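Here is the structure we will look at.
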2 protein chains.
Amino acid sequence: METLKDTLLQLSSFSDQEVEDIISHFKPVTLKKKGRFLTNGRVCRQIAYVEKGSLIYLQTSPEGDHIAIDFAFEGEFVAYLQSFLTETPADIDIIANEPTHLLVISKERLYHLYEKYSKMERIGRLLLEEGLMKMAKGRTIFQTMDNRERYLYVMKHSSKILERIPQYHIATYLGIKPESLSRIRRSLTQ
Amino acid sequence: METLKDTLLQLSSFSDQEVEDIISHFKPVTLKKKGRFLTNGRVCRQIAYVEKGSLIYLQTSPEGDHIAIDFAFEGEFVAYLQSFLTETPADIDIIANEPTHLLVISKERLYHLYEKYSKMERIGRLLLEEGLMKMAKGRTIFQTMDNRERYLYVMKHSSKILERIPQYHIATYLGIKPESLSRIRRSLTQ
DNA sequence: CAATTTCATTGACAATTGTTAAGAAATCAT
DNA sequence: ATGATTTCTTAACAATTGTCAATGAAATTG
């Protein structure tokens with residue numbers, strides 16, 4: 001099982017004492033299925049590490065239907081950067097896709113850690129860069145691939161999504177209707 | 001005419017002396033039409049302010065055709081953040097869409113300014129946040145709108161693009177074929 | 001300015017997707 | 001377990017887009 005400790009050590013070189021101190025500032029939070037980590041209209045003031053389970057970033061369209069814009073699984077960090085950085089209300093919900101264990105740290109405590117351990121800032125920067133890359137990549141995929149290609153891309157690079165996320169969420173994530181996703185899946189298994 | 005000075009003053013509160021000093025670190029660069037600010041394979045080590053003209057961020061697909069992923073006009077900053085931040089080779093070109101005047105600063109000098117004027121860091125952070133927002137918004141637009149809606153969105157929010165960028169570039173920017181763009185345009189004028 | 005190239009539009013046809021509706025399969029709650 | 005709900009699949013038809021080819025307009029070049 002991958003732990004927060006492992007993840008932090010992979011991102012920067014901390015001593016054992018340092019990591020333990022850093023980890024002690026994260027609080028365990030348990031979400032039931034459909035429990036919320038972030039609620040539409042609120043400012044995202046926390047970052048979470050996913051110990052177990054998975055989450056879905058869900059946007060509600062003007063017409064009222066839900067669109068999945070991202071997912072998070074074990075070993076990943078969760079935050080809505082657009083809200084976290086600018087301290088403006090989020091336009092999405094982040095909900096648990098299944099019973100989920102998180103380790104949560106507030107923005108305040110995180111910035112406190114930045115000051116205590118300058119190496120910690122590197123982690124913040126890496127998360128920001130990673131977020132930027134992910135968005136950019138996501139956009140490129142939409143701009144350059146057709147629906148089947150996007151599905152194959154997810155299949156290759158994020159198979160966890162296909163294994164653990166309901167298909168009607170995967171469909172909105174790919175920007176298509178569930179029926180189209182079904183057709184694509186059928187055409188691939190024959 | 002909007003100047004770099006105006007733009008900096010809008011983003012943060014500098015004294016006249018400070019702005020003049022900051023501006024003095026930018027070097028004027030003139031690009032002919034199709035001239036390059038960034039070349040595929042090189043690391044983006046500069047940020048430019050567009051005084052006059054416009055630029056296109058162009059990606060080359062595996063099949064060899066060009067896809068416009070972004071544009072920049074007067075009063076905006078230009079850089080390929082993915083390369084600039086991580087110092088990895090860019091996978092795009094940034095070329096002038098017309099004769100263009102830039103004010104260019106190197107990453108080195110910019111970071112030097114960050115140390116000299118802490119207020120300057122705010123500008124760096126704002127540019128980063130802006131970049132992140134832009135990517136996220138761009139992705140959402142692809143995920144939730146059909147081709148006509150995306151065209152109308154650009155029409156409403158970035159009409160400069162429609163006025164000054166060739167349509168075959170706008171088409172790739174919208175993720176469609178030039179023929180489809182033509183049909184959408186016709187259906188709107190009738 | 002003429003000649004050439006590039007770009008935008010149009011039409012016909014094929015392929016794909018959205019829409020609507022129905023039924024099968026899986027999941028949930030009691 | 002079993003009935004109820006949710007999720008997934010399938011089909012038929014309409015609408016949209018891609019593809020290919022041709023034409024005219026516009027821009028570029030010498």
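Throughout, a chain's letter reflects where its sequence line sits, starting with A, and its residues are numbered from 1. No experiment lies behind these values; they were computed from the predicted model shown.
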Any chain of hydrophobic side-chain contacts (each under 4.5 Å) joining [X] to [Y]?
{"X": "Leu38(A)", "Y": "Leu85(A)", "result": "no"}
{"X": "Tyr57(B)", "Y": "Leu31(B)", "result": "yes"}
{"X": "Leu127(B)", "Y": "Val104(B)", "result": "no"}

Could you check whether [X] gets within reach of a base, just the sugar-phosphate, or nothing at all, counting any heavy atom under 4.0 Å?
{"X": "Ile176(B)", "answer": "sugar-phosphate"}
{"X": "Lys33(A)", "answer": "sugar-phosphate"}
{"X": "Asp146(A)", "answer": "nothing"}

Practice task
Go through residues 53-73 of chain A and report each residue with a non-hydrogen atom lying under 4.0 Å from DNA chain D, sorted by number.
Solution key: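 Heavy-atom contacts with DNA chain D come from no residue of residues 53-73 of chain A; none.
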Practice task
Under 4.0 Å from any atom of DNA chain D, heavy atoms only: list the residues of residues 163-175 of chain A that qualify, in numerical order.
Solution key: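 Residues of residues 163-175 of chain A that come under 4.0 Å of DNA chain D are, in numerical order, Pro166(A), Gln167(A), Tyr168(A).
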Problem - Gap between atom CD1 of Ile23(B) and atom OG1 of Thr3(B) - 0.5 Å precision - result: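 Rounded to the nearest 0.5 Å, the OG1-CD1 separation comes to 6.5 Å.
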Handout entry: Rounded distance [0.5 Å steps], CD in Gln82(B) versus CD in Glu129(A)
Key =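 The distance works out to 10.5 Å.
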Could you pull out all residues at least two apart from [X] that satisfy side chain to side chain donor-acceptor pair (under 3.5 Å)?
{"X": "Glu121(B)", "result": "none"}
{"X": "His25(B)", "result": "none"}
{"X": "Ser54(A)", "result": "Asn97(A), Glu98(A)"}
{"X": "Thr88(B)", "result": "Thr86(B)"}

Practice task
Could you verify whether a donor N or O on one side chain and an acceptor N or O on the other, from Glu108(B) and Ser106(B), lie under 3.5 Å apart?
Solution key: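 Per modelled atom types, Glu108(B) and Ser106(B) side chains form no pair under 3.5 Å.
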Practice task
Assign a letter to each nucleotide of nucleotides 19-24 of chain C from its 5' end: B, base within under 4.0 Å of a protein heavy atom; S, sugar-phosphate only; -, no contact.
Solution key: BBB---
Problem - Terminal contacting nucleotides, 5' and 3', DNA chain D versus chain A (heavy atom, 4.0 Å) - result: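 Extent of the interface on DNA chain D: dT7(D) to dA12(D).
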Practice task
Please write out which residues are connected to Leu58(B) in a hydrophobic cluster, directly or through intermediates, given that two of Ile, Leu, Val, Met, Phe, Trp, Tyr count as joined at side-chain heavy-atom separations below 4.5 angstrom.
Solution key: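 Taking Ile, Leu, Val, Met, Phe, Trp and Tyr as members, Leu58(B) shares its hydrophobic cluster with Ile56(B), Phe71(B), Phe73(B), Ile95(B), Tyr151(B), Leu152(B), Val154(B), Met155(B), Ile161(B), Leu162(B), Ile165(B), Ile170(B), Tyr173(B), Leu174(B), Ile176(B), Leu181(B), Ile184(B), Leu188(B).
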Practice task
Report the hydrophobic cluster partners of Met133(B), with the cluster defined as I, L, V, M, F, W, Y residues connected by side-chain heavy atoms closer than 4.5 angstrom, directly or transitively.
Solution key: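 Under the 4.5 Å side-chain rule, Met133(B) groups with nothing.
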Exercise for the section: Rounded to 10°, tell me the angle between the two end axes of the helix from dC1(C)-dG30(D) to dT30(C)-dA1(D), each built from five pairs. Expected result: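 About 60°, once rounded to a multiple of 10°.
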Handout entry: Presence of salt bridge, Lys52(A) and Glu2(A), under 4.0 angstrom
Key =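 No, no charged N to carboxylate O under 4.0 Å.
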Handout entry: Salt-bridge present (Glu130(B), Lys134(B); N to O < 4.0 Å)
Key =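 Looking at Glu130(B) and Lys134(B), the cut-off is not met.
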Practice task
Indicate whether OP1 or OP2 belonging to dT9(C) is found under 4.0 Å from a side-chain N or O atom of Arg186(B).
Solution key: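 Looking at the OP1 and OP2 atoms of dT9(C), neither is under 4.0 Å from any side-chain N or O of Arg186(B).
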Handout entry: Pairs touching residues 75-97 of chain A that satisfy salt bridge (charged side-chain N to carboxylate O under 4.0 Å, His left out), sequence neighbours left out
Key =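 Those involving residues 75-97 of chain A are Arg36(A)-Asp93(A), Arg45(A)-Glu87(A), Glu87(A)-Lys107(A).
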